[in-house]
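Reckoned from all heavy atoms, side chains included, excluding hydrogens, waters and symmetry mates.
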Amino acid sequence: MKPLSSFSRRNFLRTLAATGLASGSAFAAPSPTAQPFNEVHDLVIVGSGFAGLSAAYAALKAGVKDILILDKMEAFGGNSCLCGGLMSVPLNPKQQKQGIKDSVDLMVADMTKAGRGFNHPDLARKFAENAVNICPMLDECGVQLMDKVIRLGGHSAPRTMVPASGGGIVVPIHNWLKKNGVQFRNRSQVIDLLMQDGKVTGVLVNCDYNWKDGTSKKEQRIGSRGGIVVATGGWGQDKDFIKTTMPVYSLLECTSQPGATAEMLKALLKSGCLPSMLDMYQLGPWASPDEKGAGPGSFFADYAFAEGMAVNPKTGRRFMNELADRRTRADAELNVLSESTPDKINYPIVFCGEKTTEHAEGFKAAYRDKTVFRYETLADLAKAYDIPLKALQQQVDEYNKIVAGTLKEPFAKPLDVKQTLKAPFYAMRLTPKLHYCMGGIAVNPRSEVLSTATLAPIPGLYAAGEVTGGVHGMDRLGGCSSVDCMVFGLEAGRNAAAYLKAQGN
């Protein structure tokens, strides 16, 4: 299939803009004032999602007692609370229990393929080798996982562990940390790093911050004896920042929570931190125009992709490997969307049979919210989306032959679950949404932030999660952001604890 041209992509995005799907926001950070610290802690962590929580856990286990976690929003957890929390971990216990063959090398190969070879090799290998080490933390903090392992798009093996939700990970770890003395402070917007003699010593904070209007009551300088861990996530909601790095994406709806803005990234850059791939963004191919952000329909779509098929409404034919990596699928969907007309957007359709809905996460809520619709016959489905019935029937017949093993799969889609497509059908419309910031601040495998001036670590500064770049290259695989946050969050916490000890504290 030919790639989507820049002209057709622009036309599609202009169509979205004309339909009112585009929006924008901007944040500005004031300069720090010269005054003593208002308070000092052994370790200060900025951000309370998977990465920040993991850093606190590791530091606490290493003996650090006085830990403060700051978050600018009213609720803790950031995007980690909103996501599905899927965790793609090679050689995890549930995978091994089922006898699924996998390896670190296979994980690295999958990541490199999805990342188009732009991954930083040492970071990708650190991720793959240490992914299984997040399991003891999950167990100790009481995170409950479903008794199954699934395959997401672009993975060579089923290796993804399934929690109830991202909140099902965040809340137990948050509670465990609070029980063990970690302090949490919300509505605390960090706007700058404080440095002395080339070392990071603290942060400048807007206290009682209101994200809705950008106001705060006062500034405070909070010091840290063990350095600072930055775990503030991405900036997908910061349309002004995205316009400067990838203008065409600034018109897309974003799946992130409202606080996913770039003020902390700007502070890091201003402090001399080395940027990495700031113009790289991921689009979520499982998103729908019929729900805000990435709702339950996005979770359901993963199962529909695996056990059903996606078609172009204009042709009634499949147009992609439904289990390819996210960039491949998003580009294929944009090709379909580029066939839109001024009076009608040509949204791709994914659908499956009723058997899939019996075990698909997100289905009940997506069906309730009218993101997913039921059709008693194929003719009903074709009529609803203006699909040529004859072509659609032929495609369903061919797909069922593929499932039966009598016809070759033209898109090389892996069929872990061989599910015949039959009525009733459940369908949803698709449109890629801006989902993840691939670039960010450069770190080494120890989660130490690198200096633009020296290319060496900046003493006392660590970062983990979506605010960093390089691990996944141009695009990441499903279920890897949560693991990325935890692997490098744990690394940041351990090394911050060692830094604290080295300072004689």
Side-chain angles (χ1 to χ4, degrees), residues 50-51 54-55 58-59 62 87-92 102-135 137 154-156 159 200 227-231 233-234 265 268-269 272-280 282 325 327 436-499 502:
F50 295 143
S54 299
M87 295 173 284
S88 295
V89 176
L91 307 178
N92 71 71
D102 201 0
S103 70
V104 167
D105 287 343
L106 191 58
M107 182 79 206
V108 172
D110 289 346
M111 293 172 67
T112 304
K113 182 179 179 181
R116 306 306 193 262
F118 284 82
N119 317 62
H120 292 208
D122 53 347
L123 296 178
R125 181 154 291 277
K126 179 79 174 186
F127 172 103
E129 288 179 347
N130 287 268
V132 72
N133 294 337
I134 72 173
C135 294
M137 175 181 68
H155 289 275
S156 293
R159 57 167 70 105
V200 175
I228 302 295
V229 176
V230 178
L265 177 67
L268 290 162
L269 293 171
C273 301
L274 182 68
S276 175
M277 303 175 67
L278 289 182
D279 60 345
M280 291 292 149
Q282 179 183 79
D325 63 76
R327 183 170 292 268
Y436 194 85
C437 300
M438 300 310 307
I441 295 302
V443 294
N444 63 18
R446 290 172 51 83
S447 294
E448 296 170 319
V449 176
L450 303 183
S451 163
T452 298
T454 66
L455 305 183
I458 298 173
L461 185 57
Y462 306 86
E466 193 177 354
V467 75
T468 68
V471 178
H472 307 286
M474 286 183 67
D475 212 55
R476 71 168 176 82
L477 294 169
C480 286
S481 62
S482 54
V483 181
D484 178 5
C485 289
M486 295 179 207
V487 166
F488 289 97
L490 290 171
E491 192 70 23
R494 280 192 294 268
N495 290 309
Y499 178 80

Salt bridge (charged side-chain N to carboxylate O under 4.0 Å, His left out) pairs, two or more places apart, involving residues 449-472: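 Passing the test, one end in residues 449-472: no pairs.
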
Pair listing, salt bridge (charged side-chain N to carboxylate O under 4.0 Å, His left out) test, anchored in residues 455-465, at least two apart: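 For residues 455-465, and leaving out neighbouring residues, there are no salt bridge (charged side-chain N to carboxylate O under 4.0 Å, His left out) pairs at all.
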
Under the side chain to side chain donor-acceptor pair (under 3.5 Å) rule, collect the residues that match up with [X], sequence neighbours excluded.
X	value
Asp325	Arg116, Thr328
Arg494	Glu491
Asp279	none
Ser103	none

Exercise answer: donor-acceptor pairs, residues 436-450 side-chain atoms, under 3.5 Å, sequence neighbours excluded:
from	atom 1	to	atom 2	distance (Å)
Asn444	OD1	Arg446	N	2.9
Asn444	OD1	Ser447	N	3.3
Asn444	OD1	Glu448	N	3.1
Asn444	ND2	Glu448	OE1	2.8
Arg446	NE	Glu448	OE2	3.4
Arg446	NH1	Asn495	OD1	3.0
Arg446	NH2	Asn495	OD1	3.0
Ser447	OG	Phe488	O	2.8

Side chain to side chain contact (heavy atoms under 4.5 Å, CB included) involving Arg125 - partner list, sequence neighbours excluded: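 Testing Arg125 for side chain to side chain contact (heavy atoms under 4.5 Å, CB included), a comparison that skips the adjacent residues, returns Val104, Asp105, Val108, Glu129.
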
Set of residues satisfying side chain to side chain contact (heavy atoms under 4.5 Å, CB included) with respect to Tyr499, sequence neighbours excluded: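 For Tyr499 the side chain to side chain contact (heavy atoms under 4.5 Å, CB included) partners, ignoring immediate neighbours, are Lys199, Pro459, Tyr462, Gln503.
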
By salt bridge (Lys or Arg N to Asp or Glu O under 4.0 Å) - contacts of Arg159 (at least two apart):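 With sequence neighbours excluded, Arg159 shows a salt bridge (Lys or Arg N to Asp or Glu O under 4.0 Å) to Asp102, Asp110, given in chain and number order.
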
With Asp475 via salt bridge (Lys or Arg N to Asp or Glu O under 4.0 Å) - residues at least two apart: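 For Asp475, the residues satisfying salt bridge (Lys or Arg N to Asp or Glu O under 4.0 Å) (neighbours in sequence not counted) are Arg327.
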
Pairing residues for His472 by the ring pair (Phe, Tyr, Trp, His ring centres under 6.0 Å) criterion, not counting sequence neighbours: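 In terms of ring pair (Phe, Tyr, Trp, His ring centres under 6.0 Å), with neighbours along the sequence ignored, His472 is linked to Phe127.
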
Nearest-0.5 Å distance, NE2 of residue His155 to SG of residue Cys480: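 Separation between the atoms: 4.5 Å.
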
